[in-house]
Amino acid sequence: MRAIDLRPDPTGHAAPITHVTFREDGKRLASCSYDGTVLIWDTTEPARPVPLTRLRHRRLVNAAAWNPTEPALLATASADKTVAVWRIPEHGQHRLVTVLARHTDDINSVAWMPDGRRLICVSEDGRATMWDTPTGAFLAEISTHAAHCMMVSVSCDGLVATVGEDGMVAVGEPARPARAAIRHYASSVEGCAWSHSGTMLAVARDDGVVNLLTPQLDCLRSVTVSTSAARSVAWADDDSSFVVGAYDGSLHHFDLTGKPVRQVRDARLWPRSVAAARGMVAAGSFWNGPHLLDFATGAELAAPQRPGHGANALAVLGDELLIGCDSGLVLAVGVSAPETPVGPPPVRVLEMSDSPVLSLAVRDGALFAGTYSGHVIRRGEDPSHGEGPREELSFSEGLGAPVPSLCPVGDQLVAGTYNGELIALDPVTLEEVDRGRPHGGSVKSLSAFDGGFLSAATDRTVDAGPLHDRVTLWRHGNLVNAVAGLRGQVVASASRDHTVKVGLLAPTDHPLAHTKQGSRRMKETQTLLGPDESVKCVSLLGDPDAPVVLAGSYDFGLYAWEVDWADGAATLASGRLLAEFRQGLSCMVQLDDRRVAVAGWDGRLLIVGRDRDGTVRALRSWEVGDLVERADPPVREYERVAS
């Protein structure tokens, strides 16, 4: 397994922050990141947090936990399928104590038992396991979820709570797992936290609700936080209130009656994680460091220093490739020259949002961006302007959740949301005009196709058709990250199950029109293997009779397959590693019949296509960071954007 190799940032992280956790005394904070590292911050002076040391995993780091009895010990959980235990002295060099490596999937969360010896680890494979850290011995499996197990929390009395995407909450003693209390919700549950007294468990649900439960899982209170997912919870030192991180980009503070105390919104926030200690709140960020706030007032104590320009989305407008970034910027890069390198390309900066751009689409010369804040932004000429058209920005109303996918369909613009909704907008006014049948999970990808559109979602399905009366083409064994189409005949999808599926539609008058034809619509379907980890993005090149499938994976590889519809074994054997990145690949877009643009979270941008002899290969390569530095106009210095 290759290790993440990102450009170091001496002032913080080189990618968004996934998790934060305070040491009990509040003087140390650990922040975990997509850059594969954990930073230990000295927070003795909260207004001036100082990075002290950096711990490294081979993949992104999902969580960390300080030991309750030996404060110098820290456990870290990674997508490299390991949990590491580190000794972090007050002064001097950190030391790796042990690695708990026998896990079958990414580790999402860890929590210590009160004895400071046993550690609970929960994984994408749905299992919650217990380990003896001094010896590294596996002790027991204490809980099993039907889908990804997302978080674990241990009470002061040693009760273990686990939650998962299957909507299950389980609470029990490790010595008696068969007697665990179980509660089920219709929505995914991704966050949980015991109160300091151990008398209440807060669970954060994808439907935007937080429940306060007893140890027996009786509901004490139900608090509606947001129209978007509630993701993380932290308690005040005296258990008198709690703060919730939600995917509306806000921190929500409530008292024990469920009454809202305040809401803190900041475009830099990624409240996937929130922590509290000694009157402070820490939260994750899309920028290079954690946010620190005063728990009692919500006032900012410290904030990250600089944005990242990680690429989340690609689109094509004329001769320019558009790159939507974590910083909220869109870079427009000239890519008119098909094959011959002729020096650095021209680069423009389009300021779209203060919130990360998650999706891009182009229609009639206008650019549309879907943001983490749940808005769709239009940049283009205003045809209603009295003095002649001029380019300007316009914003939709909030769609209630992040917008990871956009697609123009006929005279509408369809937005897919984290909540699983398909929302049709007027492409000029951005007003909502219709809603389609929702998916049972986040709509990760949309692609225009044969008068309708394709959709891929975390409910494991690939659907096709118009906004209404959609059909399911196929299901994957895990969530589907991306879908692409070619000339209304070929469909390809990329999944977390490590596979790519490609299918050829049988010719019909209306191939996507009738639900009854769903089981017969595919003339041929093949499953492609090669990546060792989740496949994040997919695209197609060439002719439908013999297409080339390109896919990018979290294993840092860009793969290509030459499809032979008559011989699936030949297609499988044709698969090859086309290029390697320094981090996972994030997105793709077809530039024309011969070329595809590919972006990775390492900041690399690659143009792939057929050369003159027909071989598919990398044609050009740039670094997004270099493009940002060369942009005209220059990228402005960032100012604080908060309310």
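Predicted, not measured: the structure shown is a model, and the values here were computed from it. What's counted below: heavy atoms across the whole structure, side chains too, no hydrogens, waters or symmetry copies.
In this model, a donor atom of one side chain and an acceptor atom of the other lie less than 3.5 Å apart for H145 and T162. In summary, the side chains of T472 and D463 do present a donor paired with an acceptor at a separation below 3.5 Å, with no hydrogens or angles considered. With 3.5 Å as the limit, one finds no donor-acceptor pair spanning the side chains of S31 and H19. For the residue pair R460/H476, the side-chain donor-acceptor check at 3.5 Å is not satisfied. S534 and N481 share a donor-acceptor pair across their side chains, judged by distance under 3.5 Å alone. Donor-acceptor pairing under 3.5 Å is recorded for the side chains of D125 and T104. No hydrogens or angles considered: a donor-acceptor pair under 3.5 Å links the side chains of S285 and H291. In the model, S493 has a side-chain atom that pairs as donor or acceptor with a side-chain atom of W474 under 3.5 Å. For the residue pair D35/H13, the side-chain donor-acceptor check at 3.5 Å is satisfied. For S373 and T371, the side-chain atoms include at least one donor-acceptor pair closer than 3.5 Å.
A distance-only check finds a donor-acceptor pair linking the side chain of T18 to the backbone of V61 [under 3.5 Å]. No donor-acceptor distance shorter than 3.5 angstrom exists from the side chain of R262 to the backbone of F254, with no hydrogens or angles considered. Side-chain N or O atoms of S153 include one that pairs as donor or acceptor with a backbone N or O of W194 at under 3.5 Å. In terms of modelled atom types and a separation under 3.5 Å, the side chain of R265 and the main chain of D248 share a donor-acceptor contact. Under a 3.5 Å cut-off, the side chain of S405 and the backbone N or O of S359 do not form any donor-acceptor pair. Remark: the backbone N or O of D497 is not paired with any side-chain donor or acceptor of N478 at under 3.5 angstrom. In terms of modelled atom types and a separation under 3.5 Å, the side chain of D555 and the main chain of P531 share no donor-acceptor contact. One N or O on the side chain of R221 and one on the backbone of L256 form a donor-acceptor pair closer than 3.5 Å. Side-chain atoms of S109 come within 3.5 Å of backbone atoms of V152 as a donor-acceptor pair (strictly under, hydrogens ignored). Side-chain atoms of S586 come within 3.5 Å of backbone N or O of A599 as a donor-acceptor pair.
Pairing each heavy atom of S33 with each of A15, the nearest pair is OG-O, 3.0 Å. The nearest pair of heavy atoms linking R378 to V428 is CD-O, 3.8 Å. The heavy-atom pair separating A229 from N419 by the smallest distance is N-OD1, 4.3 Å. Across every non-hydrogen atom of L399 and A415, the tightest pair is CD1-CB, 3.9 Å. Nearest heavy atoms, P402 versus S228: CD-OG, 3.4 Å. Closest approach of E421 and R435 over heavy atoms only: OE2-NH1, 2.6 Å.
Atom CG of L540 sits about 8.5 Å away from atom OG of S447, to the nearest 0.5 Å. The distance from atom NE2 of H309 to atom CG of L331, rounded to the nearest 0.5 Å, is 7.5 Å. Rounded to the nearest 0.5 angstrom, R205 CZ and C192 SG are separated by 14.0 Å. Here the CZ atom belonging to R272 is positioned 9.5 Å from the SG atom belonging to C32, to the nearest 0.5 angstrom. In this structure, CD in E124 is found 4.5 Å from NE2 in H148, a value given to the nearest 0.5 Å. One finds the OG1 atom of T417 at 13.5 Å from the OH atom of Y247 (value rounded to the nearest 0.5 Å).
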Exercise for review: Determine, step by step, whether L406 and L413 satisfy the side chain to side chain contact (heavy atoms under 4.5 Å, CB included) criterion, reporting the C-alpha distance in whole Å, the side-chain angles of both residues, the deciding distance to 0.1 Å, and the verdict.
Suggested key: CA-CA 7 Å; L406 285 173; L413 178 72; 4.3 Å; yes
Exercise for review: Kindly indicate, with the supporting measurements, whether the criterion side-chain hydrogen bond (donor to acceptor under 3.5 Å, both in side chains) is fulfilled by N211 and Y185.
Suggested key: CA-CA 11 Å; N211 287 127; Y185 292 102; 3.0 Å; yes
**Study point:** Worked check of side chain to side chain contact (heavy atoms under 4.5 Å, CB included) between S539 and V589
**Key:** CA-CA 7 Å; S539 190; V589 69; over 6 Å; no
Exercise for review: Show your working on side chain to side chain contact (heavy atoms under 4.5 Å, CB included) between N62 and I107 and close with a plain yes or no.
Suggested key: CA-CA 7 Å; N62 283 314; I107 313 301; 5.8 Å; no
Check your understanding: Step by step, would you call T461 with H439 a side chain to side chain contact (heavy atoms under 4.5 Å, CB included)?
Key -> CA-CA 8 Å; T461 65; H439 273 274; 3.2 Å; yes
Check your understanding: What's the verdict on side-chain hydrogen bond (donor to acceptor under 3.5 Å, both in side chains) for H253 and S241, showing C-alpha distance, side-chain angles and the deciding distance?
Key -> CA-CA 7 Å; H253 193 167; S241 61; 3.0 Å; yes
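Considering only heavy atoms from C-beta on, H468 stays 4.5 Å or farther from R437 through its side chain. No side-chain heavy atom of L358 sits less than 4.5 Å from a side-chain heavy atom of V403. Counting heavy atoms from C-beta on, the side chains of W601 and Y34 never come closer than 4.5 Å. Counting heavy atoms from C-beta outward, D266 and F286 have side chains that stay 4.5 Å or more apart. Counting heavy atoms from C-beta outward, V154 and I120 have side chains that approach closer than 4.5 Å. Side-chain contact between V500 and V549: present, with at least one pair of heavy atoms (C-beta onward) separated by less than 4.5 Å. Between V480 and D459 the shortest side-chain heavy-atom distance does not fall below 4.5 Å. Taking the side chain as every heavy atom from C-beta outward, L367 and M352 approach each other to under 4.5 Å.
Under a 4.0 Å N-O distance rule, the pair R268/E300 qualifies as a salt bridge. Between D105 and R127, no side-chain nitrogen of the basic residue sits less than 4.0 Å from a carboxylate oxygen of the acidic one, so the salt-bridge criterion is not met. R496 has no carboxylate O lying under 4.0 Å from a charged side-chain N of E533, or vice versa, which leaves the two without a salt bridge.
In this structure, W235 and F242 have tilted ring planes: the angle between them lies in the 30° to 60° band.
A cation-pi arrangement is found for R470 relative to F453, the charged atom lying closer than 6.0 Å to the ring centre and inside a 45° cone about the ring normal.
No more than 12 heavy atoms of other residues, nucleotides or ligands sit less than 6.0 Å from atom CZ of R475.
Partner of L201 under the side-chain contact (heavy atoms from CB on, under 4.5 Å) criterion, out of T214, V163, V233, L217: L217 alone.
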